[in-house]
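For this chain, numbers begin at 1 and follow the sequence in order.
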Amino acid sequence: MTRPRRRRGKVIGWISALIVVALVAVGAIAYAQLQGNVSTAPLRSDDGDGEPELATGDLNILVLGSDTRALASGGFGEDDGSQRSDAMVLVHISSDSSRIDAVQLPRDTLADLPACEDTGRGSYDGGYGMLNSALEYGPACSVAAVEQLAGVTIDHFVQMDFEGFIGVVDAMGGIDVCLPEALTDGHAQLDLPAGAQSIDGTQALALARTRHALAEGSDVARLGHQQMVLSAIVQKATKSDVLVRPDRLYAFLDAATSSMTVDPGLGALTDLAGLAARVANVPMSSVTFLTMPATEAPEDANRVVPTADADVIFRALGDDVPVVLTTDAVEPDATVRTTPVEILNGAGVAGLASRVSEDATAYGYTVSGLANAEAVDATTIVAADTPEAQSTAQALASELGIGVTVTVGDVDGVQLLLGADYENLTSQPQATPAPSRPVDAVNRSADTDLCAG
């Protein structure tokens, strides 16, 4: 028997975050059984024995779709004891619960993976490898890997397997999708016609994981389909009668909780219900799915690495500010960007001036030149003694998040000297966080018409 490829369920994890919306409607009789369904695993390998709590403020939740074959069904191949995260979505809920940014992390992303202590699946010494491989050593290892990649603190994780995804979609009565063309993929057991249609859980999983039906045939190429599936799930969850029909509600929650693993901070249904109250407050128009901007890895054309735009998105999540997309960006105020800016790299970090130049250019500034300089400890901004140069320098410092005083000097225009403190300087929380510069990323709002684009 040919063993199915391990290319299933990229999107399956996200739905486990949606089930919390329904938990507030669960009656006491069903509560005990549903509570018994939920499994927990450590968020971090060094977690103590203290009482776990639901995090507050802005939240970063890592949603993982496991490709484990340790399932009741035999339709996914032989269980060899391994598991990887074929779905990785870094979900950010703003502190005021006004928006959700869900960033899809391509499974083929190469990254420096940190060492992980044993939390039940063995220890890992760390190394350079694919991001999805960290789950082999448990969700705490995936949390550590994504924290290192994104530079943000993850407050919770939610993990779900194939059967959970299929069961939840079926319990919802299926989801509605709209395909611009027919899709056929024997590897994924996918055969769907073009146009608007309703699909069941098995078909939804196949649509989310297919790559052979796509011309590009790559992991990144199929993320657009996954965004459509995610949007369809959100729309069905909010518009259907699942939450008011006891038979559907219980089947929905039972399917989800039976295949879900969470950190101890989400281990009680009351914790999930608390999260539900926040998720339910966010309008669909403010739920945005984004694919992490990536480019071909230098050492392997079949793998990807994050781009400078990905760094900007991750900084926005860390600062709890909206991600600004190029399609939504407001035309910059040219009156404070009229003076050319020279950027000097005295930080000793290769490529730093180029990266900062990309940010400045995206904000609308004119970069007149890049150069290396003698090593310095402190970042400085010097501007000519003209109103235009001073305004440009002040705006640049604010938008790059550089908390330094602009000084007057004998320079042509504005000169930004990057010191050894630059990385730390721009990563520190600001009283008023700098707005995110516009980024180019594949994206979709949860309320987008399924037949649009």
Side-chain angles (χ1 to χ4, degrees), residues 10 13-14 58 60-64 85 87-92 94 99-114 128-134 142-154 216 218-224 226-227 230 288-329 349-363 399-401 422-423 426-427 433-444:
K10 299 275 289 186
W14 169 254
D58 62 298
N60 292 313
I61 303 172
L62 181 61
V63 182
L64 300 165
S85 50
M88 290 173 286
V89 185
L90 178 55
V91 180
H92 178 81
S94 65
R99 69 181 185 279
I100 293 176
D101 293 311
V103 184
Q104 300 166 287
L105 307 175
R107 68 182 293 279
D108 290 342
T109 301
L110 288 177
D112 287 314
L113 307 179
Y128 193 66
M130 283 176 57
L131 188 63
N132 74 331
S133 66
S142 287
V143 167
V146 174
E147 285 186 329
Q148 180 157 299
L149 174 76
V152 301
T153 298
I154 292 175
E216 298 93 331
S218 69
D219 174 60
V220 174
R222 60 179 168 177
L223 296 183
Q226 292 161 22
Q227 287 185 3
L230 292 172
T288 304
F289 303 107
L290 309 105
T291 298
M292 182 193 81
T295 189
E296 180 181 298
E299 64 272 46
D300 189 341
N302 295 316
R303 303 290 179 257
V304 299
V305 292
T307 66
D309 275 356
D311 294 337
V312 173
I313 291 174
F314 293 144
R315 289 204 301 270
L317 302 189
D319 290 341
D320 192 28
V321 297
V323 175
V324 180
L325 300 165
T326 53
T327 52
D328 301 327
V349 178
L352 181 60
S354 178
R355 174 157 58 87
V356 175
S357 174
E358 289 181 0
D359 288 352
T361 301
Y363 275 123
E399 290 182 318
L400 292 182
Y422 181 79
E423 300 275 22
T426 54
S427 66
S436 171
R437 73 157 171 82
V439 295
D440 185 14
V442 175
N443 68 91
R444 187 186 191 103

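Nearest approach of Leu149 to Met292, heavy atoms of both residues: CD2-SD, 4.4 Å. Scanning both residues, Leu317 and His92, for their nearest heavy atoms gives O-CE1, 3.2 Å. Heavy-atom minimum distance, Asn132 versus Met88: CB-CE, 3.8 Å. Scanning both residues, Ile154 and Glu147, for their nearest heavy atoms gives N-OE2, 2.8 Å. In terms of heavy-atom proximity, Asp320 sits nearest to Ser94 at OD1-CA, 3.3 Å. Here the closest non-hydrogen pair linking Ala316 and Pro322 is CB-O, 4.3 Å.
Interatomic distance, CG of Asp112 versus CG of Leu131, reported as 11.5 Å (0.5 Å rounding). Here the CG atom belonging to Leu223 is positioned 12.5 Å from the CG atom belonging to Asn443, to the nearest 0.5 angstrom. Atom CG of Asp101 sits about 8.5 Å away from atom CD1 of Ile313, to the nearest 0.5 Å. To the nearest 0.5 Å, atom CD of residue Gln148 and atom CG of residue Leu113 are 7.5 Å apart. Distance check, rounded to the nearest 0.5 Å: CE of Met130 to CG of Leu110 gives 7.5 Å. Rounding to the nearest 0.5 Å places CG of Leu105 at 10.5 Å from OG of Ser142.
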Sequence neighbours excluded and cut-off under 3.5 Å, please list the side-chain donor-acceptor pairs for residues 293-301, or say none.
from   : atom 1 : to     : atom 2 : distance (Å)
Glu299 : OE2    : Tyr128 : OH     : 2.8
Asp300 : OD1    : Asn302 : N      : 2.9

**Message:** Before you tell me yes or no, could you show the steps for Arg315 and Asp359 under side-chain contact (heavy atoms from CB on, under 4.5 Å), namely the whole-Å CA-CA distance, both residues' side-chain angles and the distance that decides it to 0.1 Å?
**Reply:** CA-CA 12 Å; Arg315 289 204 301 270; Asp359 288 352; 3.0 Å; yes

**Message:** Apply side-chain contact (heavy atoms from CB on, under 4.5 Å) to residues Val146 and Asn60 and explain how you reach the verdict.
**Reply:** CA-CA 11 Å; Val146 174; Asn60 292 313; over 6 Å; no

**Derivation and outcome, side-chain contact (heavy atoms from CB on, under 4.5 Å), residues Thr288 and Arg99** = CA-CA 8 Å; Thr288 304; Arg99 69 181 185 279; over 6 Å; no

**Prompt:** Where do Val349 and Tyr422 land on the side-chain contact (heavy atoms from CB on, under 4.5 Å) test, with the steps shown first?
**Reply:** CA-CA 10 Å; Val349 178; Tyr422 181 79; over 6 Å; no

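Leu325 has its side chain within reach of Leu290: a pair of non-hydrogen atoms, C-beta onward, lies under 4.5 Å apart.
Distance alone, capped at 3.5 Å, places no donor-acceptor pair between the Ser354 side chain and the Gly351 backbone. Side-chain atoms of Asp309 come within 3.5 Å of backbone N or O of Asp440 as a donor-acceptor pair.
Judged as a side chain to side chain donor-acceptor pair (under 3.5 Å), and not counting sequence neighbours, the contacts of Glu423 are Arg355.
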